[in-house]
Amino acid sequence: LPKGFILGAAAIHVPDRYSENDQNFYAFPGFMYLGERFFYLGDRASYNLFRGETFSFNVNARYRFTSLNPDDAPEFYSLDERNGELEAGFGLNALTKFGFFTTRVNADVSGQSNGVLASFRWFLPYYRKGLLIMPVVGASWYDSNFSYYYFGGVKPSEANPQLPAFDTGNTMALDGMFVVGYRFNPRWFITGGAVYQRLGSNVEDSPVLLSRN
């Protein structure tokens, strides 16, 4: 990867987890920055406090855009609005002959969900003659505050005749991602991919979520 500022544009499609009417398509210009220790990747940034040949320890921050609007469906009228949040924490990265491993522990620092999460990812990159193919698998754990806020919890104070109270508890999720990229020359490259997450069965009966997928 090149170092320094990278300018470009991005497009993202995210099916809404709460309403079949909202598909959430975004297209926008943007930039990234890749340095020796500092990385900025659009909605997230990290700084390596320690960086060895195959191991690094970082502090990081991310803005999570996902939110719920009570106007998404008539029965949501009693719900509190759930906005995006700023998360911060630390992570460990390891490069091995079996792939690239990352793990992080983050907490909401913006006073929205007041939740905590932990995640693990295993990257298996293949790069040849400008072509990158990279499957990614992992798992995530979200505490009860985070799960309530983002995965379909309904407090008793938010319940109504059409929307019963629902306690998500803590939630585990399995994560998958597939990335393909191509470098045309030292200055231009394009990349894209798909992300899939399957939430734990404890949120399956949420009256707010459309699906645990």
Side-chain angles (χ1 to χ4, degrees), residues 10 12-19 22 24 26 39-49 55-68 82-96 98-125 134-155 166-180 191-213:
I12 303 173
H13 175 255
V14 185
D16 196 278
R17 62 167 55 114
Y18 308 113
S19 171
D22 295 332
N24 300 331
Y26 308 97
F39 299 82
Y40 171 72
L41 304 173
D43 65 342
R44 65 199 67 194
S46 67
Y47 181 82
N48 283 319
L49 298 174
F55 177 83
S56 66
F57 173 75
N58 67 66
V59 290
N60 66 82
R62 173 190 176 178
Y63 187 79
R64 185 179 297 271
F65 290 92
T66 307
S67 62
L68 183 150
R82 302 175 193 182
N83 300 306
E85 68 179 29
L86 180 64
E87 301 164 5
F90 61 88
L92 298 172
N93 304 318
L95 179 63
T96 76
F98 302 107
F100 182 61
F101 296 87
T102 69
T103 184
R104 66 188 178 96
V105 177
N106 281 31
D108 169 36
V109 295
S110 58
Q112 299 297 329
S113 74
N114 296 312
V116 177
L117 65 97
S119 66
F120 171 82
R121 300 285 184 275
W122 177 23
F123 299 78
L124 287 166
M134 184 171 65
V136 185
V137 294
S140 300
W141 174 85
Y142 305 93
D143 78 347
S144 58
N145 287 335
F146 190 103
S147 299
Y148 151 75
Y149 200 80
Y150 283 113
F151 300 142
V154 180
K155 293 179 180 178
F166 182 78
D167 182 10
T168 60
N170 302 329
T171 302
M172 288 290 299
L174 297 178
D175 306 304
M177 182 166 58
F178 188 76
V179 178
V180 176
T191 185
V195 179
Y196 173 79
Q197 183 176 66
R198 182 169 178 82
L199 299 172
S201 59
N202 58 303
V203 302
E204 191 167 22
D205 295 329
S206 166
V208 177
L209 283 187
L210 291 176
S211 169
R212 58 188 280 212
N213 301 310

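As a basis for the values below, the full set of heavy atoms in this structure was taken, side chains included, without hydrogen atoms, waters or symmetry mates.
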Using 30° and 60° as the class boundaries, would you call the ring planes of Phe146 and Tyr150 parallel, tilted or perpendicular? tilted
To the nearest 0.5 angstrom, please state how far the CZ atom of Phe100 sits from the CG atom of Leu124. 12.0 Å
Spatial distance of atom CD (Glu204) from atom CZ (Arg212) [nearest 0.5 Å]: 5.0 Å
Treating Asn170 as the side-chain partner and Ser144 as the backbone partner, does any N or O pair qualify as donor plus acceptor under 3.5 Å? yes
If only atom types and distance count, is the side chain of Thr191 paired as donor or acceptor with the main-chain N or O of Val180 below 3.5 Å? yes
Shortest non-hydrogen contact from Gly152 to Ser206? O-OG, 2.7 Å
Any donor-acceptor pair under 3.5 Å from Asn58 side chain to Asn48 backbone: no
Test side-chain hydrogen bond (donor to acceptor under 3.5 Å, both in side chains), reference Arg121, set Thr103, Asp175, Asn93, Thr102, output is Asp175
Counting only heavy atoms not in Phe98, do more than 12 sit closer than 6.0 Å to its CZ atom? no
Any side-chain heavy atom of Arg17 sitting closer than 4.5 Å to one from Leu68? no
Quick one: which of Phe166, Tyr18, Tyr142 gives a ring-ring contact (aromatic ring centres under 6.0 Å, His included) with Phe151? Tyr142
Checking Asn202 side chain against Thr168 main chain: does a donor-acceptor pair fall under 3.5 Å? yes
Tyr63 side chain vs Gly42 backbone, donor-acceptor pair below 3.5 Å: no
Taking Glu85's backbone N and O only, do any of them form a donor-acceptor pair with Arg64's side chain (distance below 3.5 Å, no angle check)? no
Can you tell me how far apart CE (Met172) and OG (Ser147) are? Round to the nearest 0.5 Å. 10.5 Å
Between Phe101 and Trp122, how do the two ring planes meet: parallel, tilted or perpendicular, split at 30° and 60°? parallel
